[in-house]
Amino acid sequence: MTTKFEILTQLKAHINDWISGEQLSEKLGVSRTAVSNHMRNLKAEGYDIMSATKKGYRLHYVPDILTPDELRSELDTKIFGCQEIFYFQEIGSTNLTAKEYALKGFSEGVLVIAECQTQGRGRRHRYWHSPPNSGIYLSMILRPSLPPNETSVITLMTAVALAEAILTEAEIMVRIKWPNDLLIGGKKLSGILTEINTFPDSVDFVIVGVGINVNTPPEIFSNEIKDIATSLFNETGRRMRRARLVAAFLSAFEKYYAIFQKRQFTTIINRWKSFSNIIGKVITVDILGRRYTGKVVAVDQDGTLVIEDHRDKRHRLISGDIIESNIN
Ligand code: BTN
């Protein structure tokens, strides 16, 4: 823990209250000059801190930033976000950078987070629009001790953790579209990109990348996506502190990760189904140009979608895009 982080923690614990420089310097074992220098740095990051002689310091406003100190001051996790947090104002893709760190041997729980991505990557080589200071672009390193064929649940579990975090923090219900898009009113709010590196019989690492449109004003969506994308701000009319949403997501993710490591996949799939409303619906799925239409009869333990076509033939679909459905 750095002194700056400890000062921030103290200020947040006394928000809208005065705390003296003397108290802080005694409590943290640093000089008054060091305290005042850290206060200057926090103000430069956007924290609104009043200072007055004889009274000390008073925090009024916490900015919407994703710095490691701000994230750590919100986190209640034991793995994710508790190792290194690599924070960038701008990056190509957090997934690519997280992959580089994983290849260098960084451990499970390491996060890569950015205020903006210039080459945000989506599923099937699509582009993920990542405008500055308004969305969450986050990737994390996982090193699960399960065989490669059991890792497909990770993506479903991530969608569930996101849906729960959004419900808690933004008080809005999202729908999960198989396999892993999060929608509100049929428009895309969030996407997940999971990438895996394996040894012959085991997993080396998994990168879970999450993009969420949080405070994004609708007018900054590009023409290609403005009719199919939405943001939490667009849906609720409220801006939120992204660090709180990241913390809620990581906390939910960690809870489901423990369930996943115990191989209790049914618990995860059942929760996923409660957000998806897909069973019994008639859908068309595109898999690299090949189309399947049928009624969804099951979602298996590993996330495989089972549909029954008009000849009662069953198809097991591992991945693809739902292009038509009567789900609302
Ligand atoms: C999709 O729905 O196609 C998946 C989108 C995933 C976007 C996130 S943003 C953070 C991470 N870094 C990337 O380059 N992509 C993922």
Side-chain angles (χ1 to χ4, degrees), residues 66 71 80-81 85-103 106 109-142 151-152 154-163 165-166 174-184 186-197 205-216 220-222 224-232 242-243 245-246 249-250 253 272 275-276 285-288 303 318-323:
L66 296 170
L71 284 177
F80 296 98
I85 299 180
F86 293 101
Y87 169 70
F88 298 86
Q89 278 299 330
E90 187 179 287
I91 200 171
S93 153
T94 56
N95 258 41
L96 272 187
T97 302
K99 207 169 178 175
E100 283 166 20
Y101 290 137
L103 287 168
F106 278 93
V110 165
L111 300 187
V112 180
I113 190 156
E115 296 284 358
C116 166
Q117 291 185 125
T118 53
Q119 314 268 319
R121 296 156 71 229
R123 285 172 61 230
R124 299 171 172 240
H125 307 291
R126 291 181 191 129
Y127 174 71
W128 184 260
H129 188 62
S130 316
N133 308 313
S134 56
I136 292 172
Y137 320 113
L138 157 77
S139 302
M140 44 195 179
I141 300 177
L142 275 57
T151 53
S152 57
I154 291 175
T155 309
L156 304 182
M157 175 184 104
T158 308
V160 169
L162 276 171
I166 290 166
V174 297
R175 175 82 62 217
I176 303 177
K177 181 179 166 196
W178 181 84
N180 54 15
D181 288 348
L182 271 76
L183 311 181
I184 300 180
K187 292 187 172 184
K188 187 151 164 173
L189 176 81
S190 170
I192 300 160
L193 181 65
T194 310
E195 300 184 89
I196 177 165
N197 246 44
F205 62 82
V206 178
I207 304 297
V208 174
V210 167
I212 319 171
N213 303 324
V214 184
N215 296 323
T216 326
I220 68 170
F221 286 128
S222 66
E224 293 149 87
I225 61 167
K226 71 175 194 307
D227 296 330
I228 52 168
T230 192
S231 67
L232 287 173
R242 290 168 296 153
L245 183 55
V246 171
F249 162 63
L250 293 178
F253 186 85
W272 183 92
F275 284 107
S276 94
V285 178
D286 180 286
I287 304 178
L288 302 171
I318 297 166
S319 73
D321 285 316
I322 298 180
I323 52 168

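We count ligands from 1, going down the list as the structure has it; atoms in each ligand are counted the same way.
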S.K.: Between Q117 and T94, does the side-chain hydrogen bond (donor to acceptor under 3.5 Å, both in side chains) criterion hold? Intermediate values first, please.
M.R.: CA-CA 8 Å; Q117 291 185 125; T94 56; 3.3 Å; yes

S.K.: Tell me if a side-chain donor or acceptor on N213 pairs with a main-chain N or O of T230 at a distance below 3.5 Å.
M.R.: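 Yes.
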
S.K.: Would you say I287 has more than 12 foreign heavy atoms packed within less than 6.0 Å of its CD1?
M.R.: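 Yes, CD1 of I287 has more than 12 neighbouring heavy atoms, counting only those of other groups under 6.0 Å.
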
S.K.: Can you work out which protein residues put a heavy atom within less than 4.0 Å of ligand 1?
M.R.: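 Correct list: S93, T94, N95, Q117, G120, R121, G122, R123, W128, Y137, L138, S139, D181, K188, G191, I192, L193, G209, V210, G211.
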
S.K.: Could you tell me the separation between the CG atom of L142 and the CZ atom of F205, rounded to the nearest 0.5 Å?
M.R.: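 The CG atom of L142 sits 11.0 Å away from the CZ atom of F205.
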
S.K.: Any Lys/Arg nitrogen of E195 or R121 sitting under 4.0 Å from an Asp/Glu carboxylate oxygen of the other?
M.R.: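 Looking at E195 and R121, the cut-off is met.
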
S.K.: Let's go through F88 and T97 carefully: what are the C-alpha distance in whole Å and the side-chain angles of both, what is the deciding distance for side-chain contact (heavy atoms from CB on, under 4.5 Å) to 0.1 Å, and is it a yes or a no?
M.R.: CA-CA 11 Å; F88 298 86; T97 302; 4.3 Å; yes

